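Everything on this sheet refers to the single structure shown next.
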Amino acid sequence: MSDAHPTGSRRPGLSVGARIIAVVVLTAIGAVCAWLQHDAPGQSAQPRTEFTADNPPAGLPTALTTGQHLHWSRCTSPPTARTGYDCATMKAPLDYRKPDSETIDVALIRREATGPNARRIGSLVLNFGGPGVSGVIGLPEFLDQYKPLLDRYDLVSFDPRGVGATIPVRCGKTADDTGYEGADACAEHFGALLPYIGTSYTARDLDLMRYLLGDNRLHYFGVSYGTALGAVYAHLYPSHVGRLVLEASVDPTEDLDEKQVSQVKAVQAAFDRFAAYCAARIRHCPTGDGPEEAARRMAALADRLEKKPAPAGGGRNLDADDLAYAVSDHLDLGTDGWSPLAKALTALIDHNDGRPLSKGADDIGSAERAAAERDNSRAARIAITCADSSLRPDVERLDRNEARIKAASPVFGAAWSTGVYLCYDWPFDGERITPQVNADGAEPILVVGGTGDPTTPYSGARHMAGALGEGVGVLLTAQEDGHGTYPQNRCVMETVDRYLRTGRTPAPGTVCPGSMS
């Protein structure tokens with residue numbers, strides 16, 4: 001499941017993972033001091049011991065393994081990473097079937113561990129979702145979520161293939177344009193590279209990265225789409241699996257068509273919960289007296305905006321599709337997004353003011369149109385999705401799927417239904433109908449799912465835990481609304497952190513109470 005709406009890139013889970021409400025602070029005075037030392041110019045913490053791995057990926061030339069070293073230096077971009085972060089470039093084969101041939105540069109970013117060398121576990125590699133989300137941009141943006149783990153891990157992220165500074169997909173009007181002008185533009189400006197940016201290739205990059213970071217096993221935290229990447233890695237390298245967290249998990253048993261239907265049903269269910277809350281708890285609720293009335297009012301609003309979009313500030317207008325996307329962004333925040341959503345809808349309905357709804361979506365981090373102006377996230381999301389999925393439906397199946405999606409959601413169906421055309425005329429074949437994720441023989445992998453997740457439905461987490469294999473996938477259930485539950489839910493945060501620190505998984509069937517308890 002992508003972190004994206006059918007026509008654009010969503011924020012990371014926490015997407016596109018996002019929904020970041022960082023409430024955790026460092027509690028150890030020694031860790032605080034080490035943190036300050038790391039940032040303070042002219043000061044240094046205790047001498048650092050670098051780890052060394054002894055199991056390089058098989059089949060690669062020594063120039064890329066034992067002969068390659070990551071040269072970390074202060075980051076020059078993004079601006080948020082210029083203080084306290086290090087950046088490096090990793091050489092990787094473009095085509096792992098021809099490892100002695102052409103190479104690519106993979107962009108990495110690191111925040112060094114603050115704890116003593118004797119307590120360091122290694123590196124924790126983070127993927128914030130997508131596909132199409134830059135980890136180099138994401139680590140400074142989402143660091144506060146993971147600060148408590150800095151005493152034991154270096155926190156590392158990267159730009160996956162096709163994203164940001166790692167062979168970025170170009171599908172715009174020109175070869176330098178980061179926008180998305182369709183499959184023909186992708187083929188024209190990036191065609192030779194399109195077959196090499198799928199998730200299985202990035203998973204192989206992860207294993208090379210693991211080795212160069214000095215770890216014999218990969219420690220990894222993937223959110224939303226990042227769960228697909230982590231699970232594919234576990235399938236390819238079960239003996240290299242360390243402590244893997246798959247949070248807000250996608251469903252590896254569903255093909256792309258099935259995912260779209262499941263996702264639109266989940267976001268509609270989340271909206272219905274919001275509408276019921278609004279009717280019961282908010283005076284002058286803009287969506288009326290419950291879910292049925294809310295659906296009618298939203299349909300009327302969408303019709304109005306389709307005829308005449310509302311001003312949204314900054315020269316932008318808000319149309320019917322924008323309405324659906326922005327509402328979904330607020331729902332991704334769980335119950336914390338409900339009151340702001342009610343206020344924003346009131347401003348739009350009563351005063352034709354789309355600024356609060358649009359600004360709220362921008363602040364959350366989705367804002368597909370704004371994101372497309374800054375980076376290539378939309379083009380990368382589509383290209384990676386179509387590299388992974390081998391579904392190329394004919395016109396009859398497209399029409400059938402479009403009707404299914406529209407029927408599944410009165411509020412979001414029309415906007416989401418355009419997603420059926422995502423890979424219709426893609427110029428290259430995709431890899432598989434569904435990914436291979438069985439990881440027999442791997443260490444236990446912690447899968448976290450929220451029962452009210454509107455973007456990656458809870459059923460996906462259950463199916464992921466089962467598909468990883470008996471004794472491998474361990475499911476942690478959170479009774480929460482919103483896309484992703486770490487670190488907002490204290491029980492989830494404590495359970496995940498304990499696993500990452502000690503390797504101990506929770507007991508089977510563990511449920512963390514939350515907003516839906």
Side-chain angles (χ1 to χ4, degrees), residues 38 48 50-53 56-57 59-96 98-113 122-128 130-143 153-170 175-176 178 190 192-193 196-215 218-220 226 229 233 374-377 380 383-384:
H38 183 84
R48 175 182 168 86
E50 297 296 341
F51 292 175
T52 302
L60 298 187
T62 57
L64 296 179
T65 56
T66 57
Q68 180 175 192
H69 303 280
L70 297 177
H71 299 290
W72 296 98
S73 61
R74 289 296 184 182
C75 300
T76 57
S77 64
T80 52
R82 290 175 183 167
T83 301
Y85 297 87
D86 300 315
C87 287
T89 299
M90 180 185 79
K91 294 286 184 184
L94 172 65
D95 184 351
Y96 277 87
K98 301 176 181 178
D100 293 306
S101 188
E102 187 177 353
T103 63
I104 63 169
D105 291 337
V106 179
L108 278 65
I109 187 170
R110 177 181 72 179
R111 186 85 183 201
E112 286 188 357
S123 294
L124 180 64
V125 179
L126 301 158
N127 181 281
F128 304 106
V133 173
S134 164
V136 173
I137 294 174
L139 184 59
E141 184 175 355
F142 306 123
L143 178 70
Y153 290 97
D154 292 341
L155 298 184
V156 176
S157 196
F158 65 105
D159 285 353
R161 291 175 178 235
V163 180
T166 302
I167 55 168
V169 173
R170 300 297 186 189
D176 296 325
T178 60
F190 198 75
L193 298 175
Y196 306 108
I197 60 169
T199 299
S200 65
Y201 278 93
T202 299
R204 290 175 170 88
D205 292 341
L206 269 180
D207 200 52
L208 179 57
M209 191 184 308
R210 166 203 61 77
Y211 172 75
L212 295 175
L213 290 170
D215 293 329
L218 177 71
H219 308 301
Y220 175 86
L229 176 58
Y233 176 88
R374 295 195 311 270
D375 54 47
N376 76 323
S377 57
I384 294 168

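Note that this is a predicted model, so its numbers are computed, not measured.
Note: Phe51 CZ to Leu213 CG = 11.0 Å, rounded to the nearest 0.5 Å. Separation of atoms CD (Gln68) and CG (Leu212) is listed at 5.0 Å; rounding is to 0.5 Å. In this structure, the separation between CZ on Phe158 and OG1 on Thr202 is 6.5 Å, given to the nearest 0.5 Å. The OH atom of Tyr233 sits 5.0 Å away from the CZ atom of Arg210 when rounded to the nearest 0.5 Å. The distance from the CG atom of Asp100 to the CG atom of Leu64 is 8.0 Å, given to the nearest 0.5 Å. Between the CG atom in Leu193 and the CD1 atom in Ile104 there is a gap of 8.5 Å [rounded to 0.5 Å].
Not counting sequence neighbours, Tyr220 has no partner by the ring-ring contact (aromatic ring centres under 6.0 Å, His included) test. In this structure, the side-chain hydrogen bond (donor to acceptor under 3.5 Å, both in side chains) partners of Asp105, at least two apart in sequence or on a different chain, are Lys91. Here Pro168 pairs with Arg170, Asn376 under the side-chain contact (heavy atoms from CB on, under 4.5 Å) rule; sequence neighbours left out. In this structure Thr52 satisfies the side-chain contact (heavy atoms from CB on, under 4.5 Å) test with no other residue, sequence neighbours excluded. The salt bridge (charged side-chain N to carboxylate O under 4.0 Å, His left out) search around Arg161 returns Asp205, not counting sequence neighbours. Every residue two or more places apart in sequence or in another chain was checked for a side-chain contact (heavy atoms from CB on, under 4.5 Å) with Ser77, and none qualifies.
A donor-acceptor pair under 3.5 Å is absent between the side-chain atoms of Ser157 and the main chain of Ile109, judged by distance alone. No donor-acceptor pair under 3.5 Å is formed between the side chain of Ser123 and the backbone N or O of Val125. Remark: side-chain polar atoms of Arg82 are paired, donor with acceptor, to backbone N or O of Thr76 under 3.5 angstrom.
Using a 4.5 Å heavy-atom cutoff, the side chains of Glu102 and Asp95 are not in contact. A 4.5 Å side-chain heavy-atom check between Arg48 and Asp154 finds at least one atom pair inside the cut-off.
Using the six-membered ring where Trp is involved, Tyr196 and Tyr201 have ring planes that are perpendicular, over 60° apart on the 30 and 60° scheme.
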